[in-house]
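Along the sequence shown, residues carry numbers from 1.
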Amino acid sequence: MSRIAAAVSRLSWRRHRTSVRAGGATAAVAAVAAVATTLAVAPPAAAATYRYDCRRLSGAGSYSSPLNLGNVTGRTVVAVNCPPLTSGAGYANRYFSFTLTRPARVPSYAGASFVLNQVQKSAVNPSLSSGPYTIMHTSAGLWTYDRNGAFNGRYLPLAPLPGGRGVLAAGTYRLNLQKLDSPLRSLSTPWFDVVVSTP
């Protein structure tokens, strides 16, 4: 089991602020995280993993026409090589859709993995919605880190849900990947992979 999956499966949730050091600067990050849990690496591919080229998915990546990841039930779906998100209206968000045919099982999660660099310093931040309703904001995202302590991913827990609200029900959902940083910090995110894992 990957480290993020193991962390999601034993979550005891609380809201806190964590101070992290990246690229010589200290940033205050609001997150919902496991108590006394530090995630060290992004999740590796599981046995039942389906990989797709992000640029060949159907859909436009917009709110009304999200890129379609299809049925993710009982599998890990990875959309690789997604182009960077950049500052500006219409460019700082990219939407994906996925379908669960049964409730999510512990541990399930959805988000993005990426590698920050000196030019592309902005993380990719996920939120989740169903129709017009937001289910989880980016503040619910768990950060993952590489072995040097730099961010390399952010994921939303689908089972268990934050606050002991059970698990994500069967249905079709929209995953919004966002660049939240000011262009003064960085004009874009790196290229990234989208990961939805629902064993």
Side-chain angles (χ1 to χ4, degrees), residues 4 8 11 13-17 29-33 50 52-80 82-114 122-144 153-183 188-189 192-199:
I4 189 169
V8 169
L11 288 180
W13 295 92
R14 67 183 173 88
R15 187 173 298 274
H16 73 112
R17 293 187 69 85
V29 180
V32 174
Y50 294 77
Y52 305 100
D53 188 326
C54 188
R55 294 163 294 180
R56 296 187 177 183
L57 294 172
S58 63
S62 64
Y63 180 91
S64 59
S65 179
L67 296 169
N68 186 15
L69 298 173
N71 182 5
V72 300
T73 309
R75 63 187 67 178
T76 296
V77 173
V78 183
V80 301
C82 296
L85 302 171
T86 59
S87 297
Y91 300 97
N93 298 70
R94 190 166 303 131
Y95 297 89
F96 296 79
S97 66
F98 65 86
T99 298
L100 274 172
T101 58
R102 57 157 169 77
R105 295 174 181 170
V106 177
S108 295
Y109 51 89
S113 64
F114 46 84
S122 296
V124 179
N125 299 278
S127 64
L128 187 71
S129 59
S130 177
Y133 303 105
T134 299
I135 297 171
M136 278 185 280
H137 293 280
T138 57
S139 59
L142 289 168
W143 292 100
T144 61
R154 200 172 191 193
Y155 298 89
L156 297 170
L158 308 182
L161 292 170
R165 294 184 290 128
V167 301
L168 192 68
T172 297
Y173 296 92
R174 187 171 54 252
L175 182 66
N176 180 15
L177 282 306
Q178 307 164 62
K179 176 188 181 295
L180 298 179
D181 281 341
S182 161
S188 78
T189 70
F192 59 96
D193 295 345
V194 177
V195 183
V196 181
S197 182
T198 59

All heavy atoms of P126 vs all of V124, minimum pair found to be CD-O, 3.9 Å
query = Within the side chain of S62, is there an N or O that forms a donor-acceptor pair under 3.5 Å with the backbone of S65?
reply = yes
Applying side chain to side chain donor-acceptor pair (under 3.5 Å) to R55 and not counting sequence neighbours gives D53
Q. Under 3.5 Å, side chain of T198 to main-chain N/O of V72, donor-acceptor pair present?
A. yes
Note to self: Does any part of the side chain of T189, heavy atoms only, come nearer than 4.5 Å to the side chain of F114, both counted from C-beta?
What the structure shows: no
Under 3.5 Å, is there a donor-acceptor pair linking the side chains of K179 and S188? no
Those residues at least two apart in sequence (or on a different chain) that pass side-chain contact (heavy atoms from CB on, under 4.5 Å) with P199 are P107, S108, S197
Residues at least two apart in sequence or cross-chain that pass side-chain contact (heavy atoms from CB on, under 4.5 Å) with A79, listed by chain then number, are C54, L57, L69, C82, V194
With sequence neighbours left out, the residues meeting side chain to side chain donor-acceptor pair (under 3.5 Å) with S122 are D181
CG of L180 to CG of N125, rounded to nearest 0.5 Å, is 4.0 Å
CG (D193) and OH (Y52) are apart, to the nearest 0.5 Å, by 14.5 Å
Sorted by chain and residue number, the side-chain contact (heavy atoms from CB on, under 4.5 Å) partners of N176 (sequence neighbours excluded) come out as N93, Y95, S127, Q178
Quick note, salt bridge (charged side-chain N to carboxylate O under 4.0 Å, His left out) partners involving residues 91-112, not counting sequence neighbours, are none
With sequence neighbours left out, the residues meeting side chain to side chain donor-acceptor pair (under 3.5 Å) with T73 are N71, T101
Heavy atoms of L85 and A92 approach each other most closely as CD1-O, 4.0 Å
In terms of heavy-atom contacts, I135 and S130 come closest through CD1-CB, 3.8 Å
Closest non-hydrogen contact found for F192 with P83 is CE2-O, 3.2 Å
Side chains of residues 157-175: which donor-acceptor pairs under 3.5 Å do they make with residues two or more places apart or in other chains?
| residue | atom | partner | partner atom | Å |
| --- | --- | --- | --- | --- |
| R165 | NE | P162 | O | 3.1 |
| T172 | OG1 | T99 | OG1 | 3.0 |
| Y173 | OH | A169 | O | 2.6 |
| R174 | NE | S129 | OG | 3.4 |
| R174 | NH2 | Y63 | OH | 2.9 |
| R174 | NH2 | S129 | OG | 3.1 |
| R174 | NH2 | G131 | O | 2.5 |

